[in-house]
Amino acid sequence: MQLEKVYEPQRFEPHWAQWWIDAGVFHADVKSPAPVFSIVIPPPNVTGSLHIGHMLEHSEIDCTVRWHRMRGDNTLWLPGTDHAGISTEMMVVRQLAQEGTSRREIGREKFLERVWQWKEQYGDTIKRQMIRMGLSCDWSRERFTMDAGLSRAVREVFVRLWEKGLIYRGEYMVNWCPRCQTVLSDLEVKHEESQGHLWHIRYPVVGTDRYLVVATTRPETMLGDTAVAINPRDARYFDLHGKTVTLPLMNREIPIILDELADPKFGTGVVKITPAHDPNDFEAGKRHDLPKIKVIDENARMTKEAGRYADLDRFEARKRVVADLEQLGLIDKIEDYTVSLGRCERTKDIVEPLISTQWFVKIKPLAEVAIRVVDSGEIVFVPDNWTRVYHEWMDNIRDWCISRQLWWGHRIPAWHCQDCAEIIVARQDPATCSRCGGSRLEQDPDVLDTWFSSQLWPFSTLGWPDDTEDLRKFYPTSLLNTGFDILFFWVARMIMAGMEFMGSVPFRQVYIHALVRDADGQKMSKTRGNTIDPLVVTEKYGTDAVRMALLMAAAPGTDIALSEDRIESARAFANKIWNAARLIFMNMERSSVQPWVPEDLQAYRPEANQAMSVPVEDRWIFSRLNQVAEHVTRAIDQYRYHEAAQELWHFFWHEFCDWFLELKKLRLEPETGLTADWRNLLAAFEAALRLLHPVMPFLTEELWQRLVEGAAHRPKSIALARYPEYSQAWTDLPAEREIQVLQDIVTAARTLRAEMKLDPKAQLDGVLYSRSAALEVARAHAAAIQKLASVKLELRNDAAPQASAVIHSMPEFDLVLNVPRANVTEQRKRLEKEREQLDKNIANSTRQLGDETFLSRAPAHVVESIRTKMVEYETQLQKVRTALNGLSS
RNA sequence: GGGCGCGUAGCUCAGUUGGUUAGAGCGCCUGCUUCACACGCAGGAGGUCCACGGUUCGAGUCCGUGCGCGCCCACCA
C-alpha cells in the first residue's frame, strides 16, 4: 500500500463519492420527485461561478449528517430543490441573444427544449461536483419534468388555496423588470440609493392665476396624473379644494383632492397622483375613484396615452418632458436629491411600478399561523436573534405575487374560457368550461414564482400529496440548515406551507449559517469578479481542504471571508495527515503487521494499559483522543463547527504528529519496523480518522480503507463505523502530566540551543537539576530526550548552581547545557524579559492578595489560584535572578 | 426613517455564562535538503482588545455615549 508522496485528492475523491452512492452508504433513502440541485451553472460563454453560499451550507449539513450517522442516529438527507426560474431562464436567454435569436422568436416549446439541452450538457459536471461536495445527486430529465412529479404537488397546493379563497387574480401595482419581462415579488427588488433630482413643477389652477407646485423624482409619470392631492389640514391650500388644475403638456383638467397622503411638511405639501405608476398613488386612486392612465408599458416605453411622447424610452421621455416644461416656464426649481431606486435583483435594471393583472396569495391567514409556531417555540432559530428578523417581516407581510411571465417554471393550473371568460382551476387539465360548457379553453400563460414550489420541499420530497411511509417517518424534519438570505424567500414560506398542508411544523430547528464572502469581506458577485469558483478550488485543493477551510471559519454570527490562502493551508493539513499515514503504512509493510481494528476505544481502558505496562505516550494519546472526542461532539452538537475543526486540527497536527508519532518513531526497530506495541498506534490512528471523518470524509475514507484492508470484522465504510465517544474512565491524568513534563524538558533544551545559535546537529551534554518528579520523567525518557533535543542529560537531585551561563528554568526543573562559549546576549534578553513579566505578575498578585475587599468578595477558588500562582512566580523569579547573576559573573 | 451586526497581532478572524501571562491560521524574522511530510521541522518577534464614561474586588467580555464600517427592512412625492 504505497502512498504517493504528496496528497492528491483528485485521485480518490471521485472514486469514493461514487462508491458511497453505489454502496448505499450515503445516498438519500427517499425517492424525491423534486430535482435535487440548487446550484446555478452558467453556460460556457458567460463567466461566473456557482452559488458560493452553498459551499458552506453543504459542508455543514454533510458534516452534521455524517456525524449523526456515525453516532447511530436515524438521519435523512433531503436534496434541495431546483431554482426553476429567472436565473436559469436568463442564462439561456443570454445564450440565445449571443446567437442573435430572441426568446420570443423561438417560442415556449423550443425554448424549454433549449434549457434542457443546456442542463444536460452541464448536468454531468453539476452532478460530479455535487457528489464531491458531499451531496447526493440524482438528476435527470425524468425526475424534473415541469408537468409531472413535483408539479402534481404544486397543482394540489394551488387548487387547495384557490378553493379556500387564498389565491386571487387581480389588477395591482406590481414591480416590473423591463429586461426580464416579468413581474417581480417585493423581495426580488433591491433598493439602492443614488443621486437624482427632485423636479418642482407648476400646475396652473383653473380659473385663477395661481399655481400648485408639485415635486417629483420621475417627471415622465406626470403624463399619467389624474389628480393632485393636498392635506385636509393644510391651511395654505384649503381654499383650493374642489377646484381643478390643468395638467401641463397634456392639457387635461384634473381635480384637486384632499388626502392624508400629502405631507404638509414635505416639499410644497402638494402631491401629484399617478395611480398607474406608483403604489401610494394607486391606493389614493382607489380611495378617490380616480382613473388610472398607464403611460409606460412593459418595455419601459411610453404608451399612446402619453400623447406626443409615445414610443419614447422612459428616460428619454423624462428629458423631453423636463425640457418642454422648462420652455413653458413651468419648472419651479430643480433640486439635487438622493433617491432610493428599486432595481431588479438580477439585471440591476430600474424596476418600473406598473398596473398589471397577476395572481396573488392572500398571505395574512397563513402568516398568522406561522408566527404562532415560532412564538410558541415549536420552531427555534439558531442563533435566536433571527427570531426577531422573522417577526419583523411576518408582521408586515404583504400579499405574495406568485405569477411570473417566464417559461421555465411550473405552469399555473388555470384555464381561461374563451367563450364566457370563466377561470377554471383544476387538478386535471379540463376539456370543457365548467360554466358554459365551451371547449375553447386556454391555459394561463404564466408560470409560478420558483419559491411557490420550493416552499413545498419538506413534504413534496417525501411523496406528498400521497400518504407515504417516508412522509410519516420523516416529517417533520429536525433541522433546517440555511443562510439568512433566504429566510423570507424560503424558510418562512416553508413554515406557512407546512402548517397549511401538513398541519404541523416542517422542522424544529432552523440553523442560520453565515455567508461566504471573498477575502476582503465583499459579497461575491460575478460583476465584481471576486468569486471563488467551487469547481475550480475543489479540483485544485480537494474537497476536504475546502470543507476544512470553510468549517474552520464557520463561527456563527459573522460572515466568512474566504481566500485561497485558507484553503491552501487546509490542504497542508490534509497533506500532513496523508504523510502521517505514509509513515505508518511504510512501517506496517516493513514489519508485516496485520491490519487490525479494535472493536472500539473501549479496548483501551487506562487500567488495562497500566496493567499491560503500556508506554506512557500511548496512554497519553488515548486520554487526549477521549478529550477531543468530547469537545468535538459538543461543538458539532451546538453548531460550533469552527471549534470542532480547530480542535481536530490542533490535535492531529500538534499532538498526534508532532509528539506522538515522533515518540513512536524512536521505538522503531531498524530492521523490522513496527514492534508489538504499534497496535496501540494503529488503534489511535484509526480512532483519530473516525474523529475527523465528518469534516474530511474523503481523505479519512481513503486512509481508513487502506488501514483496515483485510481486517476480519469491520464496517464497509468509515462512514458506518462508530464515532468515538467520551468516557471519563479513559481520561489518564498521570499520563498527561508526564508527557507535559517531557515536552517541557525537550522544549527547554531546544530553546536554549536556538538561543545559543548552536549547531543543530551537534550532540550536547547537559544537566537536569530537579527535586521533583521531573527527575523520574527525564530518567524514563532519557532516550527520547536525547533524540528529540539532541541532548544527553545528567540528572541531579539538587538545585541549580549559582553560576550557569546556559540555563533554562522551569518551575519543575532547571536545565543546563554544557557548552564552552555561551552566547550570553540572547539568553540575557530572554531572562530579562521573563523577569519583567514575573515582576509585573507578582506586583499584581501582591496587590490583590492585600486587598481586603477582593479577599472577602472573590470566590475562594479564585483567591486560592492566585495564592498558588504567587508561589510559583516567586520561585521562578528566584531562578531567573540566579541565572542572571550567573551570566554576569 | 426603523432594525441588526461588527471594530482584538501586518492581514483574516476565535475568545461559551466577567476571574488575572488574550489565542489560531496566513504573513514576517532566525536556523534546518534529519530516512512521513519544504503543502515540512525547530525556535522567535508582534496586541494601550476603536475612544471616553459607568457597574464590579476584578471588564476584551456587562451598561451608556461618541467615532468608524457593514448589512437587512421600509410606498414618503
Side-chain angles (χ1 to χ4, degrees), chain A residues 3 5-7 173 186 191 198 214-218 229 261-263 265-268 270-274 278-283 337 339-340 342 353 385-386 388-389 392-393 396 484-485 487-488 515 519-521 523 541 545 549 552-553 555 557-563 565-566 568-587 634 638 640 642-643 646 649-650 657-658 661-662 665 747 750-755 757-761 788-790 830 837-838 840-841 844-845 848 851-859 861-863 865-866 869 873:
Chain A
L3 294 190
K5 191 166 174 180
V6 176
Y7 157 74
M173 183 63 51
D186 292 339
H191 292 268
L198 194 57
V214 299
T216 179
T217 54
R218 297 185 299 151
L261 179 66
D263 178 357
K265 289 196 263 316
F266 186 90
T268 57
V270 186
V271 190
K272 65 197 248 337
I273 305 288
T274 323
D278 183 280
N280 279 323
D281 296 2
F282 179 77
E283 293 302 322
Y337 195 70
V339 284
S340 171
N385 57 311
W386 291 104
R388 242 186 110 130
V389 181
E392 197 87 2
W393 189 67
N396 302 307
F484 73 84
D485 53 334
L487 187 62
F488 306 138
L515 291 189
D520 302 320
K523 206 178 231 164
Y541 299 103
M552 288 275 281
T558 42
D559 288 346
I560 294 178
L562 184 68
S563 63
D565 278 2
R566 281 163 179 262
E568 215 172 288
S569 79
R571 179 187 57 181
F573 175 73
N575 191 52
K576 188 73 184 174
I577 309 300
W578 185 260
N579 275 289
R582 257 187 98 209
L583 170 74
I584 295 168
F585 292 164
M586 281 168 75
N587 285 290
R634 197 173 42 197
Q638 299 172 351
R640 303 183 70 84
H642 67 300
E643 280 180 11
Q646 277 170 24
W649 181 297
H650 182 264
C657 291
D658 286 356
L661 286 184
E662 290 304 322
K665 271 157 74 174
T747 306
R750 284 170 174 170
T751 308
L752 274 177
R753 295 182 73 107
E755 270 172 7
K757 306 223 184 295
L758 299 171
D759 177 2
K761 275 163 294 187
L788 296 178
S790 299
R830 185 196 85 223
Q837 187 61 58
L838 284 167
K840 223 161 71 185
N841 292 347
N844 239 334
S845 308
Q848 286 189 80
D851 185 343
E852 279 308 317
T853 352
F854 171 73
L855 293 177
S856 59
R857 299 215 185 159
H861 72 272
V862 174
V863 177
S865 81
I866 289 184
K869 276 183 181 156
Y873 293 150

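Throughout, protein chains are lettered first and strands after them, A, B, ... in sequence-line order, and every chain is numbered starting at 1.
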Sidechain-backbone polar pair: [X] side chain, [Y] backbone, donor-acceptor under 3.5 Å:
X: A:Asn575; Y: A:Arg571; answer: no
X: A:Arg750; Y: A:Leu788; answer: yes
X: A:Arg830; Y: A:Thr751; answer: no

So what does [X] hit on the nucleic acid, given a heavy-atom distance under 4.0 Å: a base, only sugar-phosphate, or nothing?
X: A:Arg388; answer: sugar-phosphate
X: A:Leu261; answer: base
X: A:Asp263; answer: base

From CD (A:Glu283) to CG (A:Asp278), nearest 0.5 Å
10.5 Å
Given that both distances must come in under 3.5 Å, which nucleotide forms a Watson-Crick or G-U wobble pair with B:A59?
none
Given atom [atom1] of [X] and atom [atom2] of [N], what is their separation to the nearest angstrom?
X: A:Glu283; N: B:A77; atom1: CD; atom2: P; value: 17 Å
X: A:Glu852; N: B:U56; atom1: CD; atom2: C1'; value: 18 Å
X: A:Asp186; N: B:C72; atom1: CG; atom2: P; value: 16 Å
X: A:Arg566; N: B:G27; atom1: CZ; atom2: P; value: 13 Å
X: A:His642; N: B:A24; atom1: NE2; atom2: P; value: 15 Å
X: A:Asp759; N: B:U34; atom1: CG; atom2: P; value: 13 Å
X: A:Lys272; N: B:C76; atom1: NZ; atom2: C1'; value: 14 Å
X: A:Arg753; N: B:U34; atom1: CZ; atom2: C1'; value: 12 Å

When you compare [N] with [M], how far apart are their [atom1] atoms, in angstrom units rounded to a whole number?
N: B:C69; M: B:G18; atom1: C1'; value: 27 Å
N: B:U65; M: B:G5; atom1: P; value: 14 Å
N: B:C73; M: B:C28; atom1: P; value: 41 Å
N: B:G46; M: B:G10; atom1: C1'; value: 9 Å
N: B:G44; M: B:C49; atom1: C1'; value: 23 Å
N: B:C62; M: B:U16; atom1: C1'; value: 15 Å
N: B:G43; M: B:G25; atom1: P; value: 13 Å
N: B:G40; M: B:C26; atom1: P; value: 8 Å

Which comes earlier along RNA chain B counting from the 5' end, the contact point of A:Met552 or that of A:Gln646, where each point is its nearest nucleotide?
A:Gln646
Could you walk me through whether A:Ser790 and A:Arg753 satisfy the side-chain contact (heavy atoms from CB on, under 4.5 Å) test, starting with their C-alpha distance in whole Å, then the side-chain angles of each, then the deciding distance to 0.1 Å, before giving a yes or no?
CA-CA 10 Å; A:Ser790 299; A:Arg753 295 182 73 107; 3.4 Å; yes
Protein within reach of the bases, or only the backbone? For nucleotides 35-46 of chain B, mark each nucleotide 5' to 3' as B, S or -, using heavy atoms under 4.0 Å.
-BBSBSSSSSSS
Tell me, please, which residues at least two apart from A:Gln837 pass side chain to side chain donor-acceptor pair (under 3.5 Å).
A:Asn841
Mind checking side chain to side chain donor-acceptor pair (under 3.5 Å) for A:Asp263 and listing every partner two or more places apart, or none if nothing turns up?
none
Applying side chain to side chain contact (heavy atoms under 4.5 Å, CB included) to A:Asn385 and not counting sequence neighbours gives A:Pro383
Residue list, side chain to side chain contact (heavy atoms under 4.5 Å, CB included) with A:Asp851, at least two apart or on another chain
A:Thr853, A:Phe854
Is the closest side-chain heavy-atom distance between A:Arg582 and A:Lys5 below 4.5 Å?
yes
Please list, pair by pair, any protein nitrogen or oxygen found under 3.5 Å from a nitrogen or oxygen in nucleotides 19-22 of chain B.
unit_1, atom_1, unit_2, atom_2, d
B:U20, O2, A:Gln848, OE1, 3.3
B:U20, O2, A:Gln848, NE2, 2.4
B:U20, N3, A:Gln848, OE1, 2.4
B:U20, N3, A:Gln848, NE2, 3.0
B:U20, O4, A:Gln848, OE1, 3.2
B:U21, OP1, A:Tyr873, OH, 3.2

